[in-house]
Every structure is written in C-alpha cells, then in structure tokens.
Number of protein chains: 2
Amino acid sequence: MTTIKDIARVAGVSVTTVSRALNGYHDVNEQTRQKIVRVAKDLNYSPNTLARGLVLNKSKTIGLLVSGLNRQSAKDHFTFEVLSGINECVSEQDYDLVLFNTNTSKQREKTYSQLCRERRVDGVILSGIKTDDPYLHEVVASSIPCILIDIPIQSDSVGYVTTDNVLGAKQAVEHLMQLGHRNIAMVNGHGQAFVSQHRLDGFKQGLAAGGRPYNPDWVVNGFFDEDIARVEAERLLTRYPEITAVFCASDLMALGVLKAANNLGIVVPKRLSVVGYDDILLASYASPPLTTIAQDKFQLGYEAAKLLIRMLEGQDNSRAVLLETELITRQSTTGNHV
Amino acid sequence: MTTIKDIARVAGVSVTTVSRALNGYHDVNEQTRQKIVRVAKDLNYSPNTLARGLVLNKSKTIGLLVSGLNRQSAKDHFTFEVLSGINECVSEQDYDLVLFNTNTSKQREKTYSQLCRERRVDGVILSGIKTDDPYLHEVVASSIPCILIDIPIQSDSVGYVTTDNVLGAKQAVEHLMQLGHRNIAMVNGHGQAFVSQHRLDGFKQGLAAGGRPYNPDWVVNGFFDEDIARVEAERLLTRYPEITAVFCASDLMALGVLKAANNLGIVVPKRLSVVGYDDILLASYASPPLTTIAQDKFQLGYEAAKLLIRMLEGQDNSRAVLLETELITRQSTTGNHV
DNA sequence: CTGAAAGCGCTAACAC
DNA sequence: GTGTTAGCGCTTTCAG
C-alpha cells in the first residue's frame with residue numbers, strides 16, 4: 001500500500017510537497033507537480049481517508065439512521081426510495097454513505113451521538129423514527145448536523161424535509177367531497193408519527209372546508225400496517241354502515257381497507273371509495289387501482305442529502321424543505337350515489 | 001471531544017492503560033479498570049474509529065457496490081431486499097456498511113481497488129454488476145476480500161452467493177410440461193448476466209428432460225426490462241402463434257409479457273401460460289397473479305454478509321453458498337388444452 | 001516554491 | 001500491572 005512517503009522518496013521531494021501537489025494547491029511548481037502526479041499514478045497510490053479524516057477531523061461521510069431496512073418492511077417501498085434519493089445526491093457531491101448499525105437486540109445500546117462520533121460522520125440523515133424515540137431528543141441536543149425526514153424540528157444544527165401532509169390530506173378529503181361523499185372515515189397511522197398528526201389535521205380541515213363535522217369515532221389507527229388496518233376497517237365499516245369513503249394515511253393501509261371491504265362484501269368503489277397516501281408501487285396494481293396522494297419519496301431523500309451537504313459546506317440557507325403532494329385519481333374512488 | 005488522553009489524565013494513569021482497560025484486556029488491575037471505565041463514562045467518551053482504523057489497519061466496515069440503487073430500478077425490489085439482508089447480518093456482527101459512491105457520470109473514474117483502499121473497508125459485497133464490468137476483473141485480481149452476488153467466481157479472496165438458477169429454470173419448464181405445454185418460449189435477460197446464462201441452461205435441460213427440442217428462435221432477450229420484454233413478446237407471439245407458454249427470467253419481464261398478451265388479445269392463462277422468476281412483490285398482485293420461481297432475496301444478502309465476515313475473521317470455510325429456489329404456483333399458468 | 005517538524009487519537013512492542 | 005515510546009498516513013504551521 002503506497003503512501004505519500006513513498007511518492008516523496010521516489011519523486012525526490014518532501015511529503016509536504018506531495019500532499020500539496022496532490023491536493024491541488026497552487027503554490028507548487030508545475031514541473032514538480034506533474035512529476036508527483038505521475039509518480040503517484042505509477043505507484044498506484046490512493047489516499048488513506050482514515051488518516052486524512054483523523055487530521056482534518058472530518059470524513060466526507062454521511063451517516064444514515066433508518067428504520068425500515070429489514071425483512072418486514074420490504075412491502076413498503078418507502079425507505080428504499082428515500083435511500084435511493086439520498087444515494088443519488090450524495091454521489092454527485094462526492095460523499096459516501098454509512099448505514100449505521102442500530103441493532104437494538106444486542107447489548108450495545110449506543111447513543112445517537114456516540115454512533116456519530118465514533119464514525120466521525122460529518123452529518124446524519126434520520127428517517128422513519130418515531131416522535132418518542134430517545135434518539136430524537138439527542139439529535140436536537142447534539143450539535144452534529146442532521147436532517148430529519150418527515151419530522152418538522154429545526155435548530156441551528158437540525159433541519160428537515162417533509163411533504164405538505166396537511167395539504168395532502170386535505171386534497172384527499174376535498175376529492176371525496178367533490179364526488180359527493182359526506183360520511184368520510186379515516187384510517188390513520190399512529191400518534192407517534194408527525195405525519196399522522198398532520199394528516200389528521202388536514203383531514204379535519206378538509207371536512208371543515210366542506211361544512212362537515214369531525215367525528216372522532218370515524219378515525220382509527222392502523223399503525224401503518226396492512227393487517228391492522230384491515231381489522232380496524234372491518235370493525236369500522238360494520239359498525240358504521242353509513243360511511244361511504246375512507247381516507248388512509250398510507251397506501252399499505254388502504255390495501256388493508258380494500259381487503260376489509262372485500263371480506264365484508266362491500267364493493268369498491270361502488271359502495272365505498274378509498275383514498276390512500278404515498279403512491280407506492282402496489283397502489284396502481286391493486287384491484288381496484290388505488291386513488292392516492294402521491295409523494296415523491298426519491299425526492300424526499302434527494303433533498304435531505306442536498307440540504308445536509310449545504311449545511312456542511314456552510315452555505316447557510318434555509319433549514320427546511322417542504323415538498324408538494326399530488327392527487328392521483330384511479331379507480332378506487334367514484335361518485336357517491338346514495 | 002474527549003480522548004483517551006483526557007481519560008488518562010483524569011484517572012491518573014497512562015494512555016496505554018486506558019487503551020487496554022477499554023479494550024477488555026485482562027492484564028489490568030480490576031480497580032484501575034473500573035476507575036477508567038467510570039471516568040470514560042463521566043467524560044462521555046467515544047472512541048475514534050478513524051484513529052483506531054489507522055493503526056489497526058482495518059475499519060470494521062464493509063463496502064457495498066451495487067447497481068440498482070436509483071430511481072429507475074425502484075420497481076425492481078431486488079436490490080432493496082438484498083440490502084436489507086446484508087444490513088441485518090452486518091448489524092448482528094457489529095460491522096458498519098458503507099455505500100460506495102460509484103457515480104460514473106463525473107470524471108472521478110476510480111477503480112475498484114482505489115475505492116476500497118481509500119475507505120479502508122475490510123471487505124466488499126458486489127451486486128448487480130454485469131459480467132463484462134471492468135470492476136469484475138479487478139475484484140479477482142485484487143486481494144481485498146469480496147463476495148459476489150449472483151456471479152459464480154471463486155478465488156482465495158473472492159466468494160459468491162447465488163441461487164440455483166439452473167435448477168430454478170428447470171423447475172419452471174417442468175411445471176409447464178406437466179401442464180401439457182409442449183411449445184415453450186423463453187424471455188431471457190441478457191448475455192452479460194450469469195443468471196441469464198444459467199437460466200437458459202436450465203431451460204434447455206428442462207426441455208431435454210421432457211423430450212422437446214430446443215428452438216433458439218423462441219428465446220429472446222428482454223434485458224430485465226418490462227417494456228423491452230413486452231415488445232419482444234409481442235413480436236414472438238405474433239410470429240409463432242403455436243407457442244402456448246413463456247418462461248421469463250424475471251418477474252418484471254413476465255409482467256411485460258402479460259401486457260403483450262393483453263395487447264394481442266391473448267388470454268392468460270387460457271391461451272398462454274406465463275412463468276416468472278424472482279417472486280417480486282408485484283408478482284402476486286399482477287393480473288393474473290404470476291406463477292414464478294421464488295428466490296429469497298433477503299437471504300441472498302444475509303448469506304453474502306455472513307460469508308464475508310467469516311472470511312474476514314479467518315474462519316475459513318467454503319467460499320460459496322447456493323440457495324434454493326421454489327416454484328410458486330399462481331394463476332398465470334394452467335393446463336394446455338389445445 | 002519547498003522542507004522540517006508537530007500532531008490528529010489510538011495501539012503495541014518493550015521496558016520496568 | 002503499568003508507563004514510555006514509536007508510529008499508523010496525513011495535513012499544516014512555520015522557516016527558509
């Protein structure tokens with residue numbers, strides 16, 4: 001493994017000069033610079049980022065702390081697409097990504113900042129953590145630059161990127177109302193997700209805008225799980241047959257609702273309209289294909305990385321990005337002809 | 001940022017002792033050990049892996065070189081599930097993963113070994129690269145421990161994990177033959193993928209076992225792309241109406257064939273049986289749901305990481321793992337009643 | 001324009 | 001058991 005020392009020896013200069021030449025400083029004689037570059041190539045040199053990181057105290061590395069990188073959540077494409085977006089941006093900017101090992105099963109209960117300090121990452125992106133996750137407090141307390149996905153917290157070192165969940169949910173309700181639906185239920189995620197809180201807000205706003213009262217009995221939590229959503233929906237639809245439309249805080253849960261309806265012999269969309277959220281791949285393949293509020297998951301990741309790198313490089317702009325949502329109308333919603 | 005030096009000062013010992021105590025050596029007085037541990041905790045110490053890596057010349061980090069982490073391949077869950085599997089195993093073993101930035105668009109045309117040496121990864125996992133990828137030669141030439149996914153190359157420092165693609169393809173053909181199909185076509189990937197070569201072999205073997213001749217005209221390449229597969233299948237089915245069944249080297253391409261059939265007014269499975277490969281999520285949601293050869297993508301990743309770590313830790317066992325496939329019968333295949 | 005020397009945080013001989 | 005010392009590969013003052 002060749003080092004700058006080797007290069008220095010062969011080129012007949014000092015390591016200092018080698019370092020400067022290779023790092024593109026301009027106070028090096030063009031002759032010597034070229035010679036050094038050539039020798040470096042001849043010797044098949046590649047810099048040791050560990051050594052460099054040690055002295056510079058930064059690593060050109062971004063840490064990634066995500067839930068949803070496991071067998072269970074394979075169905076939910078969300079994390080993957082976010083990751084792709086992050087990867088894309090990070091690649092362009094010549095950083096590398098390290099996926100933190102946040103295995104909780106073992107005894108190694110490392111704190112957030114321990115994790116970051118150990119690996120000397122320059123910054124972190126967090127996705128899929130709950131609002132009551134202990135990491136979250138640490139993030140805010142710590143001074144490590146960090147971008148949260150879908151958690152609207154902001155500070156000197158913390159920014160976030162999310163979609164306009166309030167507006168998205170509102171769009172969904174408005175769509176249903178325009179179709180003539182008056183009795184609209186909601187299958188939400190859970191209280192420990194900001195997106196759920198926001199989507200519920202949007203749901204309420206939508207109802208209010210249409211002059212309909214908000215009925216808490218018609219809102220259940222599906223915990224972003226297809227099967228829980230199915231069970232909850234079965235109960236809901238059985239108990240309140242007057243419901244003609246359901247807005248779900250995720251497509252996966254909407255799939256569960258579709259199943260519930262099917263089990264109960266309720267035809268979608270004829271007797272029940274269903275709107276999802278996310279526009280996951282499955283949405284368009286469901287039967288019937290799902291009307292949904294699309295969010296650009298790839299972009300979510302891309303913007304997160306972009307924002308973080310901006311912070312790291314000191315281009316101090318905003319600390320928050322809000323992406324738009326889009327209503328995708330498919331066949332799971334139709335006019336209500338009661 | 002506290003260092004062992006700080007701890008040494010506060011605890012009134014030397015850095016050596018601190019280092020030894022913290023690394024669990026047994027030649028440290030229990031009294032001092034406890035004191036050091038306490039001080040370390042008080043000072044909120046976390047080790048600098050960069051410094052440690054520099055001197056130990058290893059990083060407890062595994063590099064990941066994958067294609068398929070981008071917007072385009074989102075539909076193909078493959079990479080994601082493999083990644084999840086890798087992540088799972090790596091977490092258990094207390095390694096971290098770094099996703100290499102292999103952006104080709106920029107001028108930074110780094111070689112494989114440069115990439116690895118720079119980041120000082122202990123080993124690498126490669127997935128989704130073609131047989132003619134220049135990286136591949138380098139991998140074999142280099143001495144960096146490496147596991148290839150779906151590329152059966154083996155050497156002192158190189159191992160691989162793959163599924164039994166020959167057998168898998170054979171299973172598919174046998175299934176179709178048992179249903180009475182005699183005129184079976186194949187939509188393969190492309191020649192630069194080992195899996196394609198193997199699946200073609202299995203296809204031929206299956207035909208031979210059933211006493212059917214192999215007709216090269218009935219094999220086309222869909223390049224693992226839904227749309228290319230659709231176009232190719234349309235041409236194939238139009239030209240050779242005697243074909244009653246198609247075996248596809250990926251589910252995505254099978255989806256394309258389903259579309260082709262639909263466009264041509266050929267009813268699946270009544271007039272045409274279709275078998276896919278992979279068992280991606282979409283397979284069960286397609287209409288009709290796709291009969292396919294399932295491979296455990298998560299396990300593929302998991303085993304790759306396991307094998308690599310075994311190599312790294314010098315537990316020298318085999319260098320190759322072969323996973324089994326399983327025929328999943330759904331509604332895209334049925335008996336042939338010509 | 002170039003070099004000598006110090007030091008980033010850590011580990012590992014090698015004394016004592 | 002514990003401390004001294006050297007050094008991993010690199011960057012960066014500070015002199016010349």
Side-chain angles (χ1 to χ4, degrees), chain A residues 1-40 43-61 96 113-122, chain B residues 1-40 43-61 96 113-122:
Chain A
M1 195 95 16
T2 77
T3 71
I4 52 168
K5 222 165 165 177
D6 301 323
I7 299 176
R9 189 164 19 76
V10 174
V13 294
S14 75
V15 291
T16 318
T17 309
V18 175
S19 175
R20 277 193 294 234
L22 259 27
N23 286 310
Y25 283 52
H26 286 295
D27 59 349
V28 174
N29 184 308
E30 186 55 22
Q31 301 282 315
T32 38
R33 205 192 61 78
Q34 285 186 4
K35 180 167 192 184
I36 289 169
V37 168
R38 197 165 42 68
V39 172
L43 263 44
N44 198 16
Y45 168 76
S46 36
N48 184 332
T49 52
L50 262 46
R52 177 182 283 159
L54 183 58
V55 40
L56 291 184
N57 208 29
K58 50 169 158 156
S59 58
K60 272 274 189 175
T61 303
D96 277 329
S113 58
Q114 266 177 322
L115 229 39
C116 299
R117 281 187 325 224
E118 276 189 22
R119 282 299 179 181
R120 287 300 189 276
V121 292
D122 296 339
Chain B
M1 196 92 17
T2 77
T3 71
I4 53 169
K5 221 165 167 177
D6 301 322
I7 299 177
R9 191 166 14 79
V10 175
V13 294
S14 77
V15 290
T16 317
T17 310
V18 176
S19 174
R20 277 192 293 234
L22 260 27
N23 286 310
Y25 282 53
H26 286 295
D27 59 349
V28 175
N29 184 306
E30 185 56 21
Q31 300 282 315
T32 37
R33 205 191 60 81
Q34 286 186 5
K35 182 166 188 184
I36 288 170
V37 169
R38 197 166 40 68
V39 172
L43 263 43
N44 197 17
Y45 169 75
S46 35
N48 184 332
T49 52
L50 261 47
R52 178 181 281 158
L54 183 57
V55 42
L56 292 183
N57 208 28
K58 50 167 154 160
S59 58
K60 272 269 187 180
T61 305
D96 278 329
S113 58
Q114 265 177 325
L115 229 40
C116 299
R117 282 186 324 224
E118 277 188 22
R119 283 297 180 184
R120 286 305 190 271
V121 293
D122 296 339

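What you see is a predicted model; the values in this text were computed from it and never measured.
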Margin query: I need the CZ-C1' distance between B/Arg33 and D/dT2, as an integer number of Å.
Written below: 16 Å

Notebook entry, point to check: Which nucleotide, D/dT2, C/dG9, C/dT2, lies nearest any side-chain atom of A/Leu54?
Noted result: C/dG9

Check: How is B/Leu56 classified with respect to the nucleic acid when contacts are heavy atoms under 4.0 Å: base, sugar-phosphate, or nothing?
Finding: sugar-phosphate

Next item on the list: Let me see the working for A/Leu22 and A/Ile7 under side-chain contact (heavy atoms from CB on, under 4.5 Å), right down to the final yes or no.
Entry: CA-CA 11 Å; A/Leu22 259 27; A/Ile7 299 176; 4.2 Å; yes

Note to self: With a 3.5 Å distance limit and no angle check, can you tell me whether B/Asn23 reaches the backbone of B/Tyr25 through a side-chain donor-acceptor pair?
What the structure shows: no

Item checked: Nearest-neighbour nucleotide for the A/Arg52 side chain, D/dC10, C/dC10, D/dT2 considered -> D/dC10

Item checked: Rounded distance in Å - NZ (A/Lys35) to C1' (C/dT2) -> 14 Å

Notebook entry, point to check: Separation of B/Asp27 atom CG from C/dA13 atom P, in whole Å?
Noted result: 13 Å

Notebook entry, point to check: When rounded to the nearest 0.5 angstrom, what is the spacing between OG1 in B/Thr61 and CG in A/Asp96?
Noted result: 11.0 Å

Next item on the list: Tell me what B/Asn29 touches on the nucleic acid: a base, only sugar-phosphate, or nothing, going by heavy atoms under 4.0 Å.
Entry: sugar-phosphate

Margin query: Judged by each residue's nearest nucleotide on DNA chain D, which is more toward the 5′ side, B/Val15 or B/Ala51?
Written below: B/Val15

Next item on the list: Please lay out, stage by stage, how B/Glu118 and B/Gln114 fare under the test side-chain hydrogen bond (donor to acceptor under 3.5 Å, both in side chains).
Entry: CA-CA 6 Å; B/Glu118 277 188 22; B/Gln114 265 177 325; 5.5 Å; no

Notebook entry, point to check: Starting at NZ of B/Lys60 and ending at C1' of C/dT11, how long is that distance when rounded to a whole Å?
Noted result: 16 Å

Next item on the list: Determine: side-chain N/O of A/Asn48 to OP1/OP2 of D/dC8, distance under 4.0 Å, yes or no.
Entry: no

Checklist line | Axis deviation across the helix from C/dC1-D/dG16 to C/dC16-D/dG1, five-pair ends, to the nearest 10° | finding: 40°

Checklist line | Interatomic distance where CD1 belongs to B/Ile36 and P belongs to D/dG1 [whole Å] | finding: 13 Å

Notebook entry, point to check: Reckon B/Ser19 has a side-chain N or O less than 4.0 Å from the OP1 or OP2 of C/dC10?
Noted result: no

Next item on the list: Mind calculating the distance between NZ (A/Lys5) and C1' (D/dA6) to the nearest angstrom?
Entry: 11 Å

Next item on the list: Measure from the side-chain heavy atoms of A/Tyr25 and tell me the nearest of D/dT2, C/dG9, D/dT12.
Entry: D/dT12

Next item on the list: Select one nucleotide: of D/dT2, C/dG3, D/dC10, the one nearest the side-chain heavy atoms of A/Val13.
Entry: C/dG3

Checklist line | Working for side-chain hydrogen bond (donor to acceptor under 3.5 Å, both in side chains), residues A/Thr17 and A/Ser14 | finding: CA-CA 5 Å; A/Thr17 309; A/Ser14 75; 3.2 Å; yes

Margin query: Judged by each residue's nearest nucleotide on DNA chain D, which is more toward the 5′ side, B/Gly12 or A/Asn23?
Written below: B/Gly12

Notebook entry, point to check: Side-chain donor or acceptor of B/Arg20 under 3.5 Å from a matching atom on the base of D/dG3?
Noted result: yes

Notebook entry, point to check: Taking only N and O in the side chain of A/Ser14, is any of them less than 4.0 Å away from OP1 or OP2 of C/dG3?
Noted result: yes

Checklist line | Nearest-0.5 Å distance, OG1 of residue A/Thr2 to CZ of residue B/Arg117 | finding: 6.5 Å

Notebook entry, point to check: What nucleic acid atoms does B/Asn57 come within less than 4.0 Å of, heavy atoms only: base, sugar-phosphate, or nothing?
Noted result: nothing

Checklist line | Under 3.5 Å donor-acceptor pair, B/Thr16 side-chain atoms to C/dA12 base atoms | finding: yes

Check: Nearest-Å distance, CZ (A/Arg9) to P (D/dG9)?
Finding: 12 Å

Notebook entry, point to check: Could you state the interatomic distance from CG (A/Leu50) to CG (B/Asn48), rounded to the nearest 0.5 Å?
Noted result: 9.0 Å

Check: When the distance from CZ of A/Arg120 to C1' of D/dC10 is rounded to whole Å, what number comes out?
Finding: 16 Å

Notebook entry, point to check: At their closest point, which heavy atom of A/Met1 faces which heavy atom of A/Asp6, and how far apart are they?
Noted result: O-OD2, 3.9 Å

